[in-house]
A.B. asks: 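Quick one: the structure is below, questions incoming.
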Amino acid sequence: MSFLALKNPREASVMAALTVGMVMAPFFFPQLLQQLTMLWLMVVFALTWDMTGGQMGYNSFGNVLFFGIGAYAGVMVQREAGFDYHTGFVVGVLAATVLAGVVAMVLGIGMLGLRGHYFAIGTLGLGIAAGELAGAWDLIGAGSGLTSPLYPADAAHGRSAGDGGQFFYWWMAGLAVVCFWVSRALYRTRFGLALNAIRDDEDKAEALGLPTTSIKIFAWSLSACLLGAAGAIAGNVIGFIDPKDVAFAGATFGVWMVLMAILGGKGTLWGPVLGAVIFHLTQELFWTYLLGWQRVALGLFIISIVVFFPEGILGSLRTRFPALFGVRVEERS
Amino acid sequence: MSVLLNVQNVNKAYGGVVANKDVSLQVKRGEISGLIGPNGSGKTTLFGSIVGAHPIDGGRIQFDGEEISSLRVPQIARLGLSRTFQQTRIFGEMDCLQNMRIASPMQARHFGQWLSRVPASVDRRADELLDFVGLHSKRLLKAGSLSFGQQKLLEFAMALMNEPKLLLLDEPTAGINPTLINGVVDRLKRANEEMGITLLVIEHNMRVIMNLATHITCLAHGEVLASGTPDDVRDDKRVVDAYLGAA
């Protein structure tokens, strides 16, 4: 399993610390369980957005579409398919993964022919259209949304009892880990190089014979699959799927995905993880200590990110200390 | 020598502007062929037509015996027909070694190859070629941080890495320090002789192209004006007129 190799001691220690934190947090802060679950959701958001936005240079403002499709697909399977709770949940997550991936593949054939700003605007439209459609479709609850089934142990004591919280925490944390390792392994392959090549100069990549269309569709679908799974889990965490405020929440989740990746440093592996953690912590602190002004504070925070860290935290560090990132003049030995 | 590239009566117009009119030319396997002509005479358009960057309005283009005029850019590139750009194009945010890695030839549908790391043999070849163009010490620097001339050399090295049968070079010496031009010419000749790559070169520097090519085609106003050995073309009065403006 060569892709598991951790040769960089700095990376290994950060990863060890994160793993310990991930495992211990629910025991030390049980009252923060839902916020912690949302933290890993944010990590998934940022990592999946960066697959196309950062690494491939296709800035999608509509990736929330796949999250929403996943949320609806997952909860619909749980409610309607008649499995017992756990089977229904797992099947729901799988169905969400597949459906989101297929939708991305089909949409990608058309959308990924657009470049630059046109792609950004086009995808923005996708997310909005999906919200409107879901809000009008009776089968999935239309404007009144969908409620996820209660976790069995919680059903008896009310939702706050917490067993379900634990269950969803581990699923979401697991998904974040999968996302991270999939990205990390992928960026080391020739496929990862091809993504970067498309970002830097798509015409040149074509001129070298790269099958750019297939590469773009594959990358977008992969990111959609992971987002779909996240949607199915998050639908249960939140418990209620509103078409515009939860599933296709372009103004919150949809924008945050982009912001977190940019804050940490888009086009890097660790940037989105870092960005998601900082963003989520800041946001929770604003809500707790600046109540009433939290949106103003968040807005100022976003502006300062874009002004002071246009390349993101890791991007700025790389510009200032290139040697840390392996950039060096090397004489032939 | 067999014909590697056969362009027959190609037409290409942008709206009312006719960029190529009934252009025919042949490139023989193993030779270095030149394409000259004043600015705006349709040289780069012809390159674009050959590599599939835009559809042609009429005519036929055959490469290595295969009709390619309706294929798309990546398909043509995978057949072994590669180009460099007049405005040098490299992958600026990637380092030179990564630029070389991604330029190595690939089958489109070989998924295992896509989802594995670049083999050591590719890295060795990349090192050799970076050494060949004199960029080995910069291999871990961002390609975008190189000077224009160095980027041009990198682009040339990437083209060689791609192992084409035919390489179209769009002004390989433009913007390069005059003292380095001989080095570029020398490397082009070595690529042709040692690696067996057929070259078709657009060039404005007459000294360079007369010295490099064994066969030259001159375009003017989108049409073939003259074609032949460097001496024939140099002595053709129409060519001189096209460049200097006929009385």
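Proteins come first, then strands; the chains are lettered A, B, ... in the order of their sequence lines, and each starts at number 1. Worth saying up front: this structure is predicted, and the values here are computed from it rather than measured.
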A.B. asks: Could you look at S104(B) and say if it's the side chain, the backbone, both or neither that has a heavy atom under 4.5 Å from chain A?
C.D. replies: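 Contact with chain A: backbone and side chain both.
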A.B. asks: Should we count CZ of R187(B) as having more than 12 external heavy atoms under 6.0 Å?
C.D. replies: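 Yes, because the 6.0 Å sphere around CZ of R187(B) holds more than 12 heavy atoms from other groups.
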A.B. asks: Between G52(B), A143(B), A53(B), P74(B), which residue shows the highest count of heavy-atom pairs closer than 4.5 Å to chain A?
C.D. replies: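 The residue among G52(B), A143(B), A53(B), P74(B) with the greatest pair count is P74(B).
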A.B. asks: Q75(B), R83(B), Q98(B): which one forms the most heavy-atom pairs within less than 4.5 Å of chain A?
C.D. replies: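 If we count pairs closer than 4.5 Å to chain A, Q98(B) comes out on top.
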A.B. asks: Between atom CE of M94(B) and atom CG of D201(A), what is the distance when rounded to the nearest 0.5 Å?
C.D. replies: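 So the gap between those two atoms works out to 11.0 Å.
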A.B. asks: Without swapping roles, check the side chain of D200(A) against the backbone of E93(B) for a donor-acceptor pair under 3.5 Å.
C.D. replies: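 A pair under 3.5 Å: yes.
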A.B. asks: Find the distance between CD1 (I90(B)) and NZ (K204(A)) and round it off to the nearest 0.5 Å.
C.D. replies: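 Going from CD1 on I90(B) over to NZ on K204(A), the span is 9.0 Å.
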A.B. asks: Between G92(B), S145(B), S82(B), S116(B), which has the largest tally of heavy atom pairs under 4.5 Å with chain A?
C.D. replies: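 Max contact count across the listed options: S116(B).
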A.B. asks: Kindly indicate whether the side chain of P211(A), heavy atoms from C-beta on, has any atom under 4.5 Å from the side chain of W114(B).
C.D. replies: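 Counting from C-beta outward, P211(A) and W114(B) do come under 4.5 Å.
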A.B. asks: Whether the side chain of R78(B) engages the backbone of G209(A) through a donor-acceptor N/O pair (distance < 3.5 Å, no angle test) should be reported.
C.D. replies: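 The answer is yes, because a donor-acceptor pair under 3.5 Å joins these two groups.
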A.B. asks: Over all heavy atoms of both residues, which pair between A77(B) and A207(A) is shortest? Give the atoms and the distance, please.
C.D. replies: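 Looks like CB-O, 3.3 Å.
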A.B. asks: Please determine, among T213(A), I215(A), L210(A), T212(A), the option with the most heavy-atom pairs under 4.5 Å with chain B.
C.D. replies: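 Of T213(A), I215(A), L210(A), T212(A), L210(A) has the most heavy-atom pairs under 4.5 Å with chain B.
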A.B. asks: Is any side-chain heavy atom of L115(B) closer than 4.5 Å to one of L186(A)?
C.D. replies: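 With C-beta onward as the side chain, the pair touches.
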A.B. asks: For V51(B), is it the side chain, the backbone, both, or neither that has a heavy atom closer than 4.5 Å to a heavy atom of chain A?
C.D. replies: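 Interface part for V51(B): neither.
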A.B. asks: Does F148(B) CZ have over 12 foreign heavy atoms under 6.0 Å away?
C.D. replies: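 Atom CZ in F148(B) is crowded, with more than 12 foreign heavy atoms closer than 6.0 Å.
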A.B. asks: Can you measure from CG (N196(A)) to CD1 (I102(B)) and round to the nearest 0.5 angstrom?
C.D. replies: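 One finds 8.5 Å between CG of N196(A) and CD1 of I102(B).
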A.B. asks: Distance check, rounded to the nearest 0.5 Å: L193(A) atom CG versus F91(B) atom CZ?
C.D. replies: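 Going from CG on L193(A) over to CZ on F91(B), the span is 10.0 Å.
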A.B. asks: Using 0.5 Å steps for rounding, measure from the CZ atom of R190(A) to the CD atom of Q113(B).
C.D. replies: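 If we round to the nearest 0.5 Å, R190(A):CZ and Q113(B):CD are 5.5 Å apart.
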A.B. asks: Just checking F308(A): does its CZ atom have more than 12 heavy atoms from other residues, nucleotides or ligands closer to it than 6.0 angstrom?
C.D. replies: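 At most 12 heavy atoms, drawn from other residues, nucleotides or ligands, come within 6.0 Å of this atom.
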